[in-house]
Amino acid sequence: MEHNLTKEEIRLIQMSWNLMTLKSKTTGEKFYANLFKKHTDMAELFKGDIKEQSGALMRMVKTVVEGLNNPQIIIPALQELGRRHREYGVKDEYYKEFGNLLVETIGSELGSDFDVKTKAAWEKLYDTLGRVMKN
Ligand code: HEM
């Protein structure tokens with residue numbers, strides 16, 4: 001993945017991710033609960049068990065977060081993931097709301113540890129992620 005995250009932004013993302021996994025084991029499930037409440041059009045596309053789905057999403061985000069120092073390694077996997085999402089019926093315009101909610105959920109898990117710079121770094125990361133997946 002081509003990204004233009006600075007070293008400082010990478011550090012903020014990795015630090016906040018680690019802190020979040022220490023604070024909460026249920027971020028993924030909270031995220032999907034929010035998503036399904038707010039976006040029934042997206043909810044319809046999910047066929048499987050939500051606990052498994054949460055696990056899959058969180059594992060993928062973990063892989064990306066840990067791979068930020070070596071982005072070229074994870075690009076092909078993300079492109080494949082994006083192709084599969086088209087098959088799942090995911091429209092390009094869904095990515096934005098999905099991302100807003102994901103960053104919001106991470107933020108509410110972290111509370112005051114989620115500062116303005118950390119938030120901006122996550123938004124920048126998700127933006128790039130979404131772009132790679134859609135291409
Ligand atoms: C950064 C963005 C995203 C990541 C990292 C991500 C990650 C994943 C992963 C790891 C899976 C497991 C299956 C697979 O690997 O193919 C999955 C499945 C899925 N995702 Fe995503 N996803 C993202 C965005 C979205 C968006 C925007 C939607 C829109 C609704 C979405 C809807 C789905 C659906 C419908 C499935 C299949 C569920 C099923 O088979 O029941 N994803 N996603």
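Note that ligands are numbered from 1 as they come in the structure, with each ligand's atoms numbered from 1 the same way. What you are looking at is a predicted structure, and each value in this text was computed from that prediction instead of being measured. No hydrogens, no waters, no symmetry mates; every other heavy atom, side chains included, goes into these values.
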Determine whether more than 12 heavy atoms belonging to other residues, nucleotides or ligands lie under 6.0 Å from atom NZ of K7.
-> no
Hey, is NZ on K23 packed in by over 12 heavy atoms from elsewhere, all under 6.0 Å?
-> yes
Is there a nitrogen or oxygen of Y32 sitting under 3.5 Å from a nitrogen or oxygen of ligand 1?
-> no
Considering only the protein, which heavy-atom contact is closest to atom 10 (C) of ligand 1, and what is its distance?
-> A56 O, 3.5 Å
In Å, rounded to the nearest 0.5 Å, how long is the span from CZ of R131 to NE2 of H3?
-> 12.0 Å
Distance from atom 34 (C) of ligand 1 to nearest protein heavy atom, with residue and atom = F46 CE2, 3.4 Å
Taking distance alone, with no angle check, do R84 and ligand 1 share an N/O pair under 3.5 Å?
-> yes
When you measure from atom 11 (C) of ligand 1 to each heavy atom in M60, Q53, R83, M58, which option holds the nearest one?
-> Q53
Determine if the distance from atom 40 (O) of ligand 1 to the closest protein heavy atom is below 4.0 Å.
-> no
H85 atom (N/O/S) at minimal separation from atom 21 (Fe) of ligand 1 | NE2
Using distance alone, determine whether Y88 and ligand 1 share an N or O pair under 3.5 Å.
-> yes
Between M133 and ligand 1, is there a nitrogen or oxygen pair with a distance under 3.5 Å?
-> no
F36 ring center within less than 6.0 Å of F31 ring center | no
Considering only heavy atoms, does L81 approach ligand 1 within less than 4.0 Å through its side chain, its backbone, both, or neither?
-> side chain
Would you say the ring centroid of F46 lies under 6.0 angstrom from that of Y32?
-> yes
Ranking D92, L57, D49 by closest non-hydrogen atom to atom 7 (C) of ligand 1, top hit is L57
From atom 29 (C) of ligand 1, work out which of L125, L35, V90 has a heavy atom at the shortest distance.
-> V90
Got the closest protein heavy atom to atom 26 (C) of ligand 1, with its distance?
-> F98 CD1, 3.4 Å
Whether over 12 other heavy atoms sit under 6.0 Å from K134 NZ = yes
Verify the cluster assignment for V103 and V116: are they in a single hydrophobic cluster under the rule of side-chain heavy atoms below 4.5 Å apart?
-> no
Rounding to 0.5 Å, atoms CG (L78) and NE2 (H85) come to a distance of 10.5 Å
Note the single closest protein heavy atom to atom 1 (C) of ligand 1, along with its residue, its atom name and the distance in Å.
-> Y126 CE1, 3.4 Å
Going through the distances and angles, do T118 and I13 end up as a side-chain contact (heavy atoms from CB on, under 4.5 Å)?
-> CA-CA 6 Å; T118 305; I13 289 168; over 6 Å; no
Say whether S54 and E29, considering side chains only, have a donor N or O and an acceptor N or O under 3.5 Å apart.
-> no
Which bit of L129 gets closer than 4.0 Å to ligand 1, counting heavy atoms only: side chain, backbone, both or neither?
-> side chain
